[in-house]
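Structure first, then comments.
Below, read A as the first sequence line, B as the second, and so on, with proteins coming before strands; counting in each chain starts at 1.
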Amino acid sequence: MSMPPSNMSPSAEAASSQAGTTRSGLAEAARPPREHYLNAGYGIKSWLLTTDHKRIGILYLLSVTFFFAIGGLYATAIRLELLTPQGDLFQPDTYNRVFTMHGVMMIFFFLIPSIPAVMGNFLLPLMIGAKDVAFPKLNLASWYMYMIGAGFTMWSLMHGGVDTGWTFYTPFSSTYSNTYTTATALGIFINGFSSIFTGVNFIVTIHRMRAPGLTWFRLPLFVWAHYATSLIQVLATPVLAITLVLLFLERAFRIGFFDPAIGGDPVLFQHLFWFYSHPAVYIMILPSLGVISEIIAAFTRKAIFGYKFVAFASIAIAVFGFLVWGHHMFVSGESAYSALVFSVLTMLIAVPSAVKVFNWMATIYRGSIEYSTPMFYALGFMGLFVIGGLTGLMLGTLGIDVHLHDTYFVVAHFHYIMVGGAVMGYMGALHFWWPKITGRLYSGFFSHLSALLVFLGFNLTFFPQFVLGYMGMPRRYHVYPEEFQVLHVLSTAGASILAVGYAIPLFYFLYSLKYGAYAGRNPWGAVGLEWQTTSPPPLHNFHEMPVVDFEAYEYKEAPVAERQPYRVVKYGL
Amino acid sequence: MSDAASAHHPKDLAHHFESYEQQKQSSLLGMWAFLAQEVMFFSGLFVCYVVYRGMYPEAWALGSQELDWKLGALNTVVLLISSFTMVYAVVGAQRGNRKMIVWGLILTILFGGIFLGVKVVEYSGKWEHHLVPGPHFEWHGDPAAGKEVEMFFGLYFVMTGMHALHMVVGIGIMLVMIPLAWRGKWTKNNYNFVEGFGLYWHFVDLVWIFLFPFLYLLALAGGGGGH
Amino acid sequence: MAEHNHSLKPYVMVLFALFGLTALTVGVAYVDFGHPWSDVVALAIALVKASLVVAFFMHVKGSTSMVKISVASSIVGVLIFFMIILTDYMARGFS
């Protein structure tokens, strides 16, 4: 039994908290906890004025899902337009707005907050045995900032959107574009506060709120990943903020910050922009890496191989992430010298990423693998992340980038990282911790089905785009030569499968809220403090302050004879 | 964590903290993390400053000549004094002396207000001399440098404006703090907000320490400062 | 924990040191050290002033190592930011 023998009163709560690695979670499932955070208060005010990190996580979950749907609608529009070589659906400038709004919505209002603000908010205090994050009010403020920022962006969206691309390159964005650049930039500026608040909160929470006995090297890797993410959020986001301020001033008062016609340097804008936006890629992917570590440990029933390496790899990715932004600017007029240095540094950042993947593989090796839905997502993640990462190395190579820059190869590459990596991780996290968040189990069959559809649909959507890009299809065009059509049709077909894959969870998750079986504390038999408390957790997370006297991922390895490697557990429905 | 899980939770210790020390250290670290963010924010402006000054050294010297270094120096002194009065408030909080907190804050607002007043005088002078970037801008010196001098003033207004904005926000917060301090909101055990706000105010001072020489003092030594 | 002797005296001394350095930075501005030394001198004085504020007014001297690390990390962040962008401009041959 890996759980600590608790020295608290032998109440019913404490007794079942020692369920540990067994599946007794299912046995006690018939009975939900009497008090939990969801029934601690009712009414709209108890949600909108809550300082409970769990409820704020739920608020984020709802809003993030909404903006994911909006971004998805734009993606649908893009794929429909690209079904045929002619521009049947949109005028060129409309198409510009469509792909811009897709990028803005997905990046700033879905990917950046998705795992940190939803899963991180919900889980960090639980995982470290705290009652809440360090600054609960700041946490709530962060959600409001997010919503106000999203409000401005939605306003501009409803008035026609922006056509600059999500990168807002000057001087087009500052001088020529006659769309609602200012409102969108303001929305993103305000949204930046939400990101910074979350980052500050997590850094302090991880430093100061850990339960007694929970040393740094006993922390779940999810926590390490969020620590690294928070560092980036705090140090990089303000640079985007000031860049957007300067962009606004150039647009409003024609001060030559970036427009060469009035003295500015557009390359400086790109430097400042990518100083944020490249590390921002790691804001999106690092939390996913943390999620995958948790899932793989739980469903191979092994400790993560080389824990310290995986932990420090997160920190290394965060640090190196600040040194490689110039690989977005190889053909933008940065110096050959800088391009060379950035290219070399880009190779460097592959090392910690590869360390993680190798260590996961070593963890899976001879593990007692259980093909649960979260594990489906984790395995899918590993494959897609490797493809995304390796094509990233190709693009980081100077010569190849000159050929492939601004083609669909780039589009395919970053979707493999963002969707194949970050979104798969997010979906995995949602499936892994849904029983903890809601106290209910969801359909095993439909969740496996949707995970498969997502994986297949995703590959069908984006793999052809590698080929397209390599053949010379530029990004951001909606009219293309006829010989590209077959690949575009494949891609659009894949996108429809992907859309179905993303839509199904909406139904079985909602269904589970009312009809799902009770999950009990620990339906997966996973270790970690969050599984020791009831599901859903009580208002202050733990009835007794947990004391940690065990290492991270202390799974008891089952003897080889007892393993049932190819078992798919039936749960729910 | 000596007083962990004590039956009654003191009023000045938030529910999710176990001890005053944990609460204090959390507050301090949070403020420093926030200030790291502020540092990067202003760094973006300083990077622009350095890049464009490297491109247009003459225009920077010309622009700097239009600034009155005496007003800048006066404001430096005023702001340093306000930092000291802020320290006075924090020491008052450490001693549990609410009169000291209140007086410290009032004096800080006063000196912050003087700083902003001088800033208003400077800004309105620039407006009258058509040195505010935008359609109103006119340059009567070397016409070739006009656009570049306008960039200098663009950066001057953004940098000092962002700095002044931080001061306005700070003064707003202090106005709220004064009645709270008077009613004894901050105790010897928990004066974290006062201390955290002090850090913020000193940071504003820090920014000005760099702004002053690099905006006001470029052209004092002959044509100097430039390249 | 903070020390129990909450004296104002050291702060007064720091304040006057800062006044002195302000006068110094104005004074040296009248001297032409040539490029780039005028900037180096001005920057050095500003850094000394900033260190005084950070160490004494902001209590970094005598605070926990965690606070010191966060100060150091923001300095490292700034250095990375400046050095990488400025090397690009130097390599592009600006002044």
Inter-residue atom distance A:Arg251.CZ - A:Thr170.OG1, 0.5 Å rounding | 12.0 Å

Compute the ring centroids of A:Tyr227 and A:His207, then answer whether they are less than 6.0 Å apart.
-> yes

Honestly, the part of B:Val47 sitting under 4.5 Å from a heavy atom of chain A is side chain

Using distance alone, with no hydrogens and no angle criterion, decide if B:Asn192 and B:Ser27 have a side-chain donor and acceptor under 3.5 Å apart.
-> no

Could you tell me which portion of A:Val245 (side chain, backbone, both or neither) has an atom closer than 4.5 angstrom to a non-hydrogen atom of chain B?
-> side chain

Can you say whether A:Asp265 sits under 4.5 Å from chain B via the side chain, the backbone, both, or neither, judging by heavy atoms?
-> both

Can you tell which part of A:Leu246 gets under 4.5 Å to a heavy atom of chain B, answering side chain, backbone, both or neither?
-> side chain

Considering only heavy atoms, which portion of A:Leu235 lies under 4.5 Å from any heavy atom of chain B: side chain, backbone, both, or neither?
-> both

To the nearest 0.5 Å, atom CZ of B:Phe152 lies from atom CG of B:Leu67 at 4.5 Å

Give me the contact list for residues 268-280 of chain A versus chain B, heavy atoms only, anything under 4.5 Å, ordered by residue number.
-> A:Leu268, A:Leu272, A:Phe275

Check the angle between the aromatic planes of A:Phe189 and A:Phe193 and answer parallel, tilted or perpendicular using the 30° and 60° thresholds.
-> perpendicular

Among A:Ile262, A:Thr243, A:Asn541, the residue with the most heavy-atom pairs under 4.5 Å to chain B is A:Ile262

If you tally heavy-atom pairs under 4.5 Å against chain B, which of A:Pro136, A:Pro125, A:Ala130 wins?
-> A:Pro136

Decide if the gap between the ring center of A:Phe122 and the ring center of A:Tyr37 is smaller than 6.0 angstrom.
-> yes

